[in-house]
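We number each residue from 1, following the sequence as shown.
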Amino acid sequence: MRAKSEPAAQPLSSSASGGASSAASLDPIFHLLRVLPFSFLRPPRLRLKLPSLTLPSPNAVFALLLLTYFMVVSGIVYDIIVEPPGIGSTQDPYTGSVRPVVFMSGRVNGQYIIEGLSSGFMFVLGGIGIILLDLALDRNRPKSVKVSYASAGVSSVVLAYVMSMLFIRIKIPAYLR
């Protein structure tokens with residue numbers, strides 16, 4: 001930092017900077033193309049208004065984030081890249097008839113589309129249950145609303161956990177036994 005008594009450094013002129021776009025360029029064609037058209041042409045006076053962007057509402061942002069979370073945990077990237085079938089099928093060993101299968105049993109890193117969507121829905125349901133439990137702790141709400149939020153939140157979390165464990169047991173038959 002300079003002292004107050006020292007003079008400020010003089011800025012370099014545009015010709016001393018050595019840039020190719022300076023007005024003191026040695027190329028006469030560049031000078032003709034850059035300066036000559038603007039000597040007799042002038043840009044029009046436009047009265048354009050900049051568009052005003054409004055912020056989305058908090059509920060819209062929450063819905064977008066929840067939808068993004070659902071798509072990510074459902075395995076939409078896997079579904080796009082691998083293109084698995086929507087639902088599988090297996091042949092019944094006793095009757096010989098073909099029956100639908102929703103879960104790709106035995107393959108941890110593979111899934112049918114419906115399997116991913118149902119698992120993703122259970123994860124989102126558990127997340128919404130936690131949000132409802134958080135809303136039940138608000139002191140400004142009536143007691144009946146708090147009880148409703150708490151019961152819906154607990155039931156959502158329990159349902160999501162039980163169903164996710166069921167899905168895992170179908171997917172991996174000997175898991176946690």
Side-chain angles (χ1 to χ4, degrees), residues 1 17-22 43 46-177:
M1 199 167 153
S17 66
S21 64
S22 66
L46 299 176
R47 294 188 179 119
L48 298 176
K49 292 183 180 179
L50 291 175
S52 61
L53 298 175
T54 59
L55 291 176
S57 68
N59 286 335
V61 172
F62 173 72
L64 183 67
L65 285 176
L66 195 65
L67 179 68
T68 304
Y69 176 71
F70 172 72
M71 288 173 39
V72 167
V73 299
S74 294
I76 193 78
V77 175
Y78 173 83
D79 292 341
I80 290 172
I81 293 172
V82 177
E83 295 179 2
I87 194 167
S89 62
T90 185
Q91 190 170 10
D92 192 4
Y94 301 112
T95 63
S97 63
V98 177
R99 60 185 182 105
V101 175
V102 177
F103 290 94
M104 203 179 279
S105 183
R107 284 195 56 201
V108 179
N109 55 353
Q111 72 176 16
Y112 295 123
I113 294 175
I114 298 297
E115 175 185 355
L117 293 176
S118 59
S119 298
F121 178 74
M122 288 302 137
F123 293 146
V124 169
L125 183 66
I128 289 175
I130 292 173
I131 291 170
L132 288 174
L133 287 173
D134 181 55
L135 289 175
L137 295 176
D138 189 12
R139 294 183 184 196
N140 297 330
R141 296 192 193 279
K143 186 170 177 81
S144 62
V145 174
K146 288 174 24 175
V147 168
S148 299
Y149 280 161
S151 61
V154 167
S155 63
S156 295
V157 169
V158 167
L159 179 68
Y161 175 76
V162 168
M163 292 303 291
S164 296
M165 290 306 291
L166 178 69
F167 292 169
I168 289 175
R169 287 195 180 130
I170 292 172
K171 185 99 171 143
I172 309 167
Y175 183 70
L176 292 179
R177 287 190 185 165

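Panel note: side chain Lys146, backbone Leu137; no donor-acceptor pair is recorded below 3.5 Å. Between the Ser119 side chain and the Gly116 main chain, no donor and acceptor come within less than 3.5 Å of each other. Judged by distance alone, the side chain of Gln91 and the main-chain N or O of Ser97 form no donor-acceptor pair under 3.5 Å. A donor-acceptor pair is defined here as one N or O able to donate and one able to accept, closer than 3.5 Å; no such pair exists between the side chain of Ser164 and the backbone of Tyr161.
The minimum heavy-atom distance linking Val157 with Gly126 is given by the pair CG2-O, 3.7 Å. Across all their heavy atoms, Phe70 and Leu117 have their closest contact at CE1-O, 3.6 Å. Here the shortest heavy-atom pairing between Tyr149 and Ala136 reads CB-CB, 3.8 Å. Here the closest non-hydrogen pair linking Ile87 and Val101 is CG1-O, 3.1 Å. The heavy-atom pair separating Val98 from Ser89 by the smallest distance is CG1-CB, 3.6 Å. Across Ser74 and Gly120, no two heavy atoms sit closer than the pair OG-CA, 3.5 Å.
The CE atom of Met122 sits 14.5 Å away from the CE atom of Met165 when rounded to the nearest 0.5 Å. With rounding to the nearest 0.5 angstrom, the OG atom of Ser156 is 7.5 Å from the CD1 atom of Ile128. The CE atom of Met104 lies 9.5 Å from the CG atom of Asn109; values are rounded to the nearest 0.5 Å. In this structure, OG on Ser118 lies 12.5 Å from CG on Leu125, to the nearest 0.5 angstrom.
Environment of CZ in Phe167: crowded, with over 12 heavy atoms of neighbouring residues, nucleotides or ligands closer than 6.0 Å.
Under the 6.0 Å cut-off for aromatic ring centres, Tyr112 and Phe103 do not qualify, their centroids lying 6.0 Å or more apart.
For the pair Ile113/Tyr78, no side-chain contact is recorded, criterion being any heavy-atom separation below 4.5 Å from C-beta on. Leu135 is listed as a side-chain neighbour of Arg141, based on a closest heavy-atom distance under 4.5 Å. Put simply, the side chain of Asp79 reaches to within 4.5 Å of the side chain of Gln111, judged on heavy atoms.
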task: Step by step, work out the side chain to side chain contact (heavy atoms under 4.5 Å, CB included) result for Val72 and Ile76.
output: CA-CA 6 Å; Val72 167; Ile76 193 78; 5.8 Å; no
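When the side chain to side chain donor-acceptor pair (under 3.5 Å) test is applied to Asp92, the partners found at least two apart in sequence or on another chain are Thr95.
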